[in-house]
Asker: 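If you scroll down you'll find the structure; I have some questions about it.
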Protein chains: 2
Amino acid sequence: MDMRFDMAQNVAPVPMARPCSGHSCDACVVRDSAICADLNDGDRDALSRIGRRVALHAGQTVMWEGDDSTVVANVIEGTLKLATSTGDGREQIVGVVYASDFIGRPFGARTPHSVTALTDARLCLFPRGAFDGFAMRHGELQHRLLQRTLDDLDRTRAWMLLLGRKSAREKVATFLLDMGRRLRGDADGVIALPLSRQQIADVLGITIETVSRQMTEMKREGMIDLVGRRGVRLADMAALEALAEAG
Amino acid sequence: MDMRFDMAQNVAPVPMARPCSGHSCDACVVRDSAICADLNDGDRDALSRIGRRVALHAGQTVMWEGDDSTVVANVIEGTLKLATSTGDGREQIVGVVYASDFIGRPFGARTPHSVTALTDARLCLFPRGAFDGFAMRHGELQHRLLQRTLDDLDRTRAWMLLLGRKSAREKVATFLLDMGRRLRGDADGVIALPLSRQQIADVLGITIETVSRQMTEMKREGMIDLVGRRGVRLADMAALEALAEAG
DNA sequence: CGAAGTATTGAGGTTCATCAATACCGGTGG
DNA sequence: CCACCGGTATTGATGAACCTCAATACTTCG
């Protein structure tokens, strides 16, 4: 239907990704919020020896849909998208992940969706087999992973309501509020969206033109302000919430 | 937008549901496929003492969206739907569960979606607090639950592609194939759908009329046969698969 | 056989996708 | 600093897909 192509370089991930210097958990910014948070110092050290840090540029893909599941990772910094596509190239973004989130498919042979960096990013990357083995021996880790997966599932199901039953206008309002919740704006309350218009369209299951039209209309009505390509200020939260509605 | 109402009785679930007689895991039909499969006899006994069997009639709702999460359960027999709605009554079915599946939200305060029996069903029901406690002490159980949740998440994300990017025709084809995979047909290859046309519409994020039109058209083209309200035979699998396409 | 509920069919309207042109942003080099 | 250029976003015109409303037909169950 639409055969868009990613402008960004889709280089081979694991070999290409530059391992980066520092590699101690002590200084890790996500050590208290990632799945390793409940491990004691010794166990965390052991886990860290299994993995390594890698840096990604915006646009790089870490894993592809349908590939063997060979790696999993913690996101240390940056924003990434999870996506699946139809055979003819229509794409649906099925998740957006941020610092301290976990990516990849542990305990399974296949990666069910691609993972691509939207901004420059840093990961703490583990070979899946070694990670699985470690997790089997550490209940706390598995419990954290379960908690996180259950939360992901809840969020994903809530998003199904949006995809299946909401209008374009409601979709955009819901998206903007969701972004507002995750990203803290600057002094003026302006949020820097990590997604292009096309990517927003791919999250919401609509076209880029529809996203654009809805946003300019909301601007005209004073619900939001648009600043540059990536900036938005949610001027009238109440109106947006009324639109996003849902349950 | 559409203010449909469930004809079925939405009675209070846990008190109303009739506890049923037999209650030994030894004879349980799902004991080797449900999450308790990896427990040893002693542990499974201990778990079974926490829970109880209940029977549901088609149409009964076991838990409501937004409720406190007070119970979780294994499905022993029957088919149930998981659903969320917008404030104005539009419904999206976010999952369909079968025998040996697990329902409810462990390790969380809220039930994020309603659970309603589509057919008569039997559950093995646990108070959430007691179940959580038991799970914390039994890594095998938590591991099974994690596996199952990861699988659910994969399936749910695959469904997002359908909701966001597929046409009505592709949606129906995908749905029918999915049903064919889960439900074994009779001697003639006729499958008895556990969902009404309206419920199919609610799974696919379209209207009942569109479901109906697509199915009659597929029938006219010889891809499927319709027998009665709930019966379908997938006559031309190849054609259906070409339509469902995806990746 | 009749009634209630469910599904199909039809006519018409709305929303959103598609195709196409123009405008804008932000970085690079003159 | 300005002009230019590639890429991205907006805007417009048109049409198709799907929704809505309404009537009819079919199933199933008492």
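Chain naming here is simple, since letters A, B, ... match the order of the sequence lines and numbering starts at 1 in each.
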Asker: Which nucleotide sits closest to the side chain of B/Glu209: D/dC19, C/dA7, C/dT9?
Answerer: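 When the side chain of B/Glu209 is considered, C/dT9 is the closest of D/dC19, C/dA7, C/dT9.
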Asker: With a 4.0 Å limit, can you tell me whether B/Thr207 has a side-chain N or O closer than that to the phosphate oxygens OP1/OP2 of D/dC18?
Answerer: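 Answer is no, no contact under 4.0 Å.
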Asker: Look at the side chain of A/Thr210 and decide which nucleotide, out of C/dA17, D/dT10, D/dT20, has an atom nearest to it.
Answerer: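 Nearest to the side chain of A/Thr210 among the choices is C/dA17.
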Asker: Any idea which of D/dT11, C/dA7, C/dT9 is nearest the B/Arg213 side chain?
Answerer: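 Ranking D/dT11, C/dA7, C/dT9 by closest atom to the B/Arg213 side chain puts C/dT9 first.
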Asker: Where along residues 214-232 of chain A does a heavy atom come under 4.0 Å from DNA chain C, residue by residue in number order?
Answerer: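 Going residue by residue through residues 214-232 of chain A, the ones with a heavy atom under 4.0 Å of DNA chain C turn out to be A/Arg229.
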Asker: Can you find an N or O donor on one side and an acceptor on the other, under 3.5 Å apart, linking the side chain of A/Arg90 with the base of C/dT18?
Answerer: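 Looking at the base of C/dT18, it does not pair with any donor or acceptor on the side chain of A/Arg90 (distance under 3.5 Å).
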Asker: Mind listing the residues from residues 184-195 of chain B sitting with a heavy atom below 4.0 Å of DNA chain C? Number order is fine.
Answerer: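 Under 4.0 Å from DNA chain C: no residue of residues 184-195 of chain B.
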Asker: From CD1 of B/Ile208 over to P of C/dT9, roughly how many Å is that when rounded to an integer?
Answerer: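 After rounding, the gap between these two atoms is 13 Å.
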Asker: Could you walk me through whether A/Arg155 and A/Asp151 pass the salt bridge (Lys or Arg N to Asp or Glu O under 4.0 Å) check?
Answerer: CA-CA 6 Å; A/Arg155 260 196 304 278; A/Asp151 284 344; 5.5 Å; no
Asker: Could you work out which one of C/dG10, C/dC16, D/dT10 sits closest to the side chain of A/Ala168?
Answerer: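 Ranking C/dG10, C/dC16, D/dT10 by closest atom to the A/Ala168 side chain puts C/dC16 first.
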Asker: Quantify the bending of the helix from C/dC1-D/dG30 to C/dG30-D/dC1 as the angle between its end axes, each fitted on five pairs, to 10°.
Answerer: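 Here the local axes at opposite ends form an angle of 40°.
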Asker: What is the distance, rounded to the nearest whole Å, between atom CD1 of A/Ile206 and atom P of D/dC18?
Answerer: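 Nearest whole value for this atom pair: 16 Å.
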